[in-house]
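Down below is the structure, laid out as structure tokens.
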Amino acid sequence: MSFLDGKSLEPLGRKLINKIKLKEDLKLAMSDILFLLAVEELHCRAHKELNGQSKRLIMRKSVKLEKQLEWSGKFSPSLITKKLEKLQ
């Protein structure tokens, strides 16, 4: 059996395809985070115009308590933009 036969290359091809798919999934997830942060920003701005307060922190605390989800803060819009540029 040669080193370059089809069977020995098969796992390498799958690993490469999985790595490419994972990279594409990461780019998509970060784009979704940017979108959701923009939605939050517009929603908070509208809330502030109507009520004088954005209530961003109150809503994030409510999500933490009700949904057991927590914001890490590690994916701010500027960090996502930098990471997406590196992935291109």
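Every heavy atom of this structure was used, including side-chain atoms; hydrogens, water molecules and symmetry mates were not.
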Pairwise distance [atom1]([X]) to [atom2]([Y]) - rounded to 0.5 angstrom:
X	Y	atom1	atom2	value
Glu85	Leu87	CD	CG	10.5 Å
Glu40	Trp71	CD	CH2	7.0 Å
Leu69	Ser62	CG	OG	12.5 Å
Arg56	Arg60	CZ	CZ	5.5 Å
Leu79	Leu84	CG	CG	11.0 Å
Cys44	Glu49	SG	CD	11.5 Å

Does a side-chain heavy-atom distance below 4.5 Å link [X] with [Y]?
X	Y	result
Met30	Leu34	no
Leu37	Ile33	yes
Leu42	Arg45	yes

message = Looking at Lys27 and Glu24, is there a salt bridge between them, counting it only when a charged N and a carboxylate O are closer than 4.0 Å?
response =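 Lys27 and Glu24: salt-bridged.
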task = Check which hydrophobic residues are tied to Leu57 through side-chain heavy-atom contacts below 4.5 Å, counting indirect links as well, and list them.
result =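 Via sub-4.5 Å side-chain contacts, Leu57 links to none.
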ask   = Only one of Gln53, Lys48, His47 forms a side chain to side chain donor-acceptor pair (under 3.5 Å) with Asn51, so which one is it?
value =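 Answer to the side chain to side chain donor-acceptor pair (under 3.5 Å) test with Asn51 among Gln53, Lys48, His47: His47.
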